[in-house]
Every structure is written in structure tokens, then in C-alpha cells.
Amino acid sequence: MTHLHFSKTIASLFCVHVALIMLGTSVCHAEDLEEAEEKAFREAAALAEPSIVRIQTVGGLDRVGQILAAEGPTTGVVVSSDGFVITSSFNFVNQPTSIVVRHPDGRPLPAKIVATDHSKMLTLLKVDADDLTPAVTAPAEEIRVGQWALAMGRTFDENLPSVSVGIVSALDRIWGKAIQTDAKTSPVNYGGPLVDIQGRVMGVVVPLSPQGTDEAAGVEWYDGGIGFAIPLADINRVLDRMKKGEDLHRGLLGVSFPGASGLLGVDPTIDRVRVNSPADKAGIESGDVLVKIGDTDVASQSEIKHAMGKYYAGDRLSITVKRGEENISADIELVAELAPYESGFLGILPERQSSENAEGVGVRYVFLDSPAAKLGLKNRDRIVAFDKTETPNAEVLLDLVSRMQPGDTASVTWSSEGKPNTKEVELAAIPDQLPDELRSVAIVPAGDAVERPEVGHFSGTIPDGEMTYWAYVPDGYNPAASYGLMVWIHPNDDTMEAAILNKWRVICEQRGLILLAPRAENITRWTLPETAVVKQLVEKFLADYSIDQDRVFVHTMAEGGPFGLQLVLKNRDLFAGFSGVGTPLRGKLPENDPDFRQQFQFIVGPDDPLKPRINASVEALRKLKFPATLQEIDGLKSGIYPEKADVESLAIWADLLDRI
């Protein structure tokens, strides 16, 4: 495949030269230039070739989450003559039982993993040999945007490395970690070198994503015209640590900023400081403005991420913040993990439609034995201040409560039947158990004169025609009200359209819920790229209907679970929850992030063979301090959706997503 690409590239160059001829350049000159370039590519590849090894893995998992694990041979780059080989961590995402490095002369050399750089998705291997040819490193200061770049691999043909030609299209990408190239990159050459025209190795090709952090993040971009390589000069700086078996992790400071999903042009005022984080221990406070990291001045969130990209856990550095007119500097040591974040819980459900000119946050439900119940709060009371800060709406109250932890104490001011009250209360943890009953809140139907988008049961196609869907919008939909949105991800081979509509239609009407059900392009299975299409569809509904983003969640069952979970975790700013019937979690879980409030629900039958794995999923989530509910339904069989009578309990969970 890559040889074909090489031929196409040369053909493209030929076309360019033909164009030049049309502009008056002589045929003779064009042919000379073509031959010179082809010779330069061949010579560069030949110079790098002795340092490129083939890696064969045996055994392990076929699939990791929604990602098909790497199969067949992959590539690595020799970094020292005594047997060390650097490659992409993607090549071992399937956790192989054995690894063999094949020397360019054909010798098979058993290899073992020495260390992993989890920040840059690299793995260091060791083989028992002392005659390997290490790669020549291209100096970082000599790498320029626009210069030739050759992505090389040694995969299917072990005697002849594959070559893909492009240019260096950007530097310091993925928060300062990577060289970007348009040379063809894919699982075929992940772990291989990105070579300059002098045969020196500029970097090691890896899949990377600006948002994702696992070994497979960014692999969905392959063949998309964008590839990334970690500079070999940067690898060399930490090579001795990795040779000693030290795993490297990205360094965490423990602060977050407002508008975490939009980084460009946003000032670096600190929104939250994580408890017991390096920033917390250094005395950094919410409201401080981060102005310097190490020796680098920073003026935006993106500059902070770029500056932090080069640091690892364990690194010590100085940071400077501006507090008022004063600059404060502190020396800190970055960490690999922060203490799990856990939100405080007051114990109310806020009103969703406040009366005009009403003060504060109306209470529509008080949880039994909650802090709010101990205060004496009742339905229809109004909370006007929390911790001495006014609460004009539920969003402000939720933000204030979420900045505290269970066990913290705050004052609550509320009015009850016109009488003011203020008391101190100790916050609790968000409960795992659901109330047995929760009355729905009637929504007044819109009048005939109100203009409304499409309602009822209907089907559609997203504008670009890539995906069809069906939906149910309550017949009495009122644009002045606030609705929840349930995104139904069907299992393999069956959209379950009739069954889901039958079991949820009345609930949608009663609880103000819109049901959106995309259909997989191939009904036999969902594919990872379809997460982007479903996201586009959800955003369309958010634009077309009045939907409360705190109550947008994915509901799924059986084989739809892994795709549904990927959808939720890849779009944490879009989905507030995940609800799965008979499906456990798979893959690596992210940390509980205060900027992306998410809750989980699992439904299982008592005899479901997946029950132990589902129980383990719930425990794993709770360990990370995510609110996670486990509902066991008597008589529910594996692969069967709950009966209509049981769906009400599922709906109660969905109705609690905006609890405070």
C-alpha cells in the first residue's frame, strides 16, 4: 500500500512538473528535477533503513473497546546499539503475550516491554543484542514547516521498508508534543520513523488526539491526511529514565479553567483548584491568573496546555500567578494522578420552570435524609443564597454546591411561605440509590398559535445524508418548557424502534423527555467514526428544541453499550449520563471531572452472566467518585429489554440528572 502511495506521490510530482512546463519551464529541466527528487527520496530511505525494525506480536485481545487491536507486524526504531527500540504504544494495546523484533538482517529477537511514556503514547522495548544500528536524530532546531518528510514502516515486506512522502505541515501540535505531517500514517507504520531528506529521524509516528489520552486515541484519523510524530530529540531527553524501567505520565498541576471545551482566546483565570493537588498545596486559589509556567510566559489556556505538554509527573517547576496586583510564585512538583473529584450534594431537585419574577431557586423535590431535608426544606421553598452567595438560578446553585465536597459545611438561605431562613448544613455525597417514586412535572402543552418544530413520532436524515434516525417528541411539546433528551443507541441487528417507542412514549409525555434514536449505517454494528455523526445529530436537536443540557443522556443495551460509552466519554460536554441495560463498561475510564458532570446507571437481571462484570463496572466508577446506580430487575433475562412496568424506574434516574 505504501509503495503504491510512493508511486502516486512521484506521479503527482510529475504532474506538477508538467504544469511548470506549461508555464514555460523546459521538459528537460523538469525531468532532471524529478530524477533528483526521486534519488533524494531513495537515498534518505536507504540511510534510515538499518534503524527500522519489524515488530511481531502474538496473542492478546482482538478488540479494545471499539478499536480493533493492531494485527500483524508493526514497526519500531532502534535508539541504541545495545538493544533498545522505541515504538508506538498502539502496537501493544491488545496486550500481546509475546513480542518478537526482527532485525533488518532477518534475525528474530525476543523482546520485552521496558517502559511506557503514557503522555506521548510511546513504548520502549529491549532485545538481547548489541549490534543494532541506532537512528540518527534530526536536530529539533533544523525541522521546518514545509520540508520533505518520509513516513517509513517495516511491516509486510520485512526486506524493504515502506515509504510515504509528504511534508512537515506543522510543529508543536497536540499541545506542544508532536510534529504534524501529511505523509500517510496508519497502523501500518505507527512506531516507524518520520525521516528528513537527509535520512535523519525527525520523530516516531504515533496516533494522537487533542482530547483523548488512551493508547488508541487519534487512530480514527488515520488516512485522514493528518499524522503525528513525537520528535526523536524529545524522546532522547527521557530515554535514560525509560531504559531504567520508569513509566512516564503527563504532569498534572490540578487547576481548571472556565469553558474547558473552548480554549482559544480564553484568559487563564483559574476556575477551580483540585483538593490536595500540587496547586492546592502551593496555595493557588480560584480567581488567580496563571501568567508563567517554568520559563514560559502564558496568556491563554491554549498557551498553558502547550507549556504543560512537555512536563511529566515528578518534574519540578516554578509557576507564577497574578492575584490582584501582586505576582506570586511557587515551586511545585507535578503528579500523575489527582485525588478523585467528588461533588457535594444538597439534596434537592430544582424547579424547571420558575414563576416570573420569582426570587432564587424553587425546590420541586427534597431527597429523604438529605442535607436539605435536615434543614427542613420543603417543596416550593426557594433557595436564595448558598454559602453567602446569591443563587438567581439552578445553574449558579449547582456550581456553588459542586465546588464543595461531602463533609464541607455551608450556609443556606431560603424562603418558605414568605419567611426567610438561614442555617448551616453539612453536605453529603450524591446517593447511589434512587427514590421509589418521583412524581412527574406536568408541562402545559403549547397552544395552537405557537410555532413548533416537528413533533410526534417521525424519521429523518441528517443534512449530509450519512445517517438516518427516528425520534419521538411529545405531542404537546411546548418550546417555553425545558425537556430532557434520551439518545437511544440500539444493539446489533435490531433498532428496536417499535419496542422502545411503545415503552417510553407515555413516559416522554409525562416527564418532558424527547427520544432520539440514530440508526447505525450497518445495522449489524456501530463503528467508532459514527460517534461524530451521532454528535452532529444531537447538536441539531439541541438547536431545534428546548432541551436542558444537564439532562441529555445515552440509553442503550447489550452490544450497543461499548459504542454508547464511547459516545458519552468522547463528548463529555454534551452528555450528562449513560444508562445501559445488560452491558458492562469496557476500556479505560477517565477521571471524574468537575467541568463535565456525568452520572451512570446500569440495569441487570439477577441471573445475567454479565452481572459480575456489571457489578465491577459500578464499583470502578464509584471508586473514581462518579455517581453510579445499579438497578437489578427481577426476572430480567440477558439480552432482553425490561418490561414496560419496569421502565418507570429507569425513567426516575433520568429525571434526577439535574439533582443538586
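The structure displayed is predicted, hence computed values, not measured ones. Note that the numbering runs from 1 along the sequence shown for the chain.
- Classification of Glu426 and Lys374 as a salt-bridged pair fails, no side-chain N sitting under 4.0 Å from a carboxylate O.
- Judged by distance alone, with hydrogens and angles left aside, the side-chain atoms of Gln598 form a donor-acceptor pair with the main-chain N or O of Phe575 at under 3.5 Å.
- Counting non-hydrogen atoms of neighbouring residues, nucleotides and ligands closer than 6.0 angstrom, the CD atom of Gln147 exceeds 12 such neighbours.
- One finds no salt bridge joining Asp297 and Lys322 here, because no Lys/Arg side-chain nitrogen approaches an Asp/Glu carboxylate oxygen to under 4.0 Å.
- Only one option out of Ile293, Asp331, Ile332 pairs with Ser318 in a side-chain contact (heavy atoms from CB on, under 4.5 Å); it is Asp331.
- Salt-bridge check for Lys177 with Asp172: failed, with every basic side-chain N at 4.0 Å or more from each acidic carboxylate O.
- Looking at Arg274, its side chain does come within 3.5 Å of a backbone N or O of Ala339 through a donor-acceptor pair.
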Derivation of the salt bridge (charged side-chain N to carboxylate O under 4.0 Å, His left out) call for Asp399 and Arg403: CA-CA 6 Å; Asp399 181 70; Arg403 290 174 184 275; 3.0 Å; yes
Side chain to side chain contact (heavy atoms under 4.5 Å, CB included) evaluation trace for Val206 with Ile230: CA-CA 7 Å; Val206 295; Ile230 303 298; 3.8 Å; yes
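- The nearest pair of heavy atoms linking Val554 to Gly564 is CG1-CA, 4.0 Å.
- Contact detail for Phe563 and Glu530: the closest heavy-atom pair is CZ-C, 3.7 Å.
- By the 4.0 Å N-to-carboxylate-O rule, Asp655 lies close enough to Arg364 to be salt-bridged with it.
- Asp432 and Thr629 form no side-chain donor-acceptor contact under 3.5 Å, judged by distance and modelled atom types alone.
- With sequence neighbours left out, Phe367 forms a ring-ring contact (aromatic ring centres under 6.0 Å, His included) with Phe345, Tyr365.
- In this structure, a donor-acceptor pair under 3.5 Å is present between the side chains of Ser402 and Arg272.
- Between Lys310 and Thr296, the shortest heavy-atom contact is NZ-OG1, 4.4 Å.
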Steps toward side chain to side chain contact (heavy atoms under 4.5 Å, CB included) verdict (Val275, Gln405): CA-CA 9 Å; Val275 175; Gln405 298 188 106; 3.6 Å; yes
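- Nearest heavy atom pair, residue Ala233 against residue Thr137, reads N-CG2, 3.7 Å.
- Here the shortest heavy-atom pairing between Ile660 and Ala394 reads CD1-O, 3.8 Å.
- Looking only at atom types and distance, the side chain of Lys423 has no donor-acceptor partner in the side chain of Ser411 under 3.5 Å away.
- Taking a 6.0 Å sphere around CD of Glu333, one finds it holds more than 12 heavy atoms contributed by other residues, nucleotides or ligands.
- Arg237 meets the side-chain hydrogen bond (donor to acceptor under 3.5 Å, both in side chains) test with Asp234; sequence neighbours excluded.
- Ionic pairing of Asp117 and Arg250 is not present here: no N-O contact between side-chain nitrogen and carboxylate oxygen is shorter than 4.0 angstrom.
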Pair Phe257-Ile304, side chain to side chain contact (heavy atoms under 4.5 Å, CB included): steps then yes or no: CA-CA 11 Å; Phe257 301 90; Ile304 292 170; 3.5 Å; yes
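- No hydrogens or angles considered: nothing links the side chains of Ser89 and Thr116 as a donor-acceptor pair under 3.5 Å.
- Side-chain contact of Asp381 with Ser415: a donor-acceptor pair under 3.5 Å is absent, judged by distance alone.
- Side-chain N/O atoms of Ser329 and Thr320 include a donor and acceptor closer than 3.5 Å.
- Comment: Asp544 engages Lys540 in a salt bridge, judged by a side-chain N to carboxylate O separation of less than 4.0 angstrom.
- One N or O on the side chain of Asn393 and one on the backbone of Val396 form a donor-acceptor pair closer than 3.5 Å.
- Heavy atoms only, all atoms of each residue included: Val204 and Gly191 are closest at CG1-O, 3.6 Å.
- With respect to the salt-bridge test (charged N to carboxylate O, under 4.0 angstrom), the residues Arg382 and Glu351 qualify.
- Not one N or O on the side chain of Asp315 forms a donor-acceptor pair closer than 3.5 Å with the backbone of Tyr311.
- Classification of Arg323 and Glu326 as a salt-bridged pair fails, no side-chain N sitting under 4.0 Å from a carboxylate O.
- Of the possible polar contacts, one joining the Arg597 side chain to the Leu657 backbone as a donor-acceptor pair under 3.5 Å is found.
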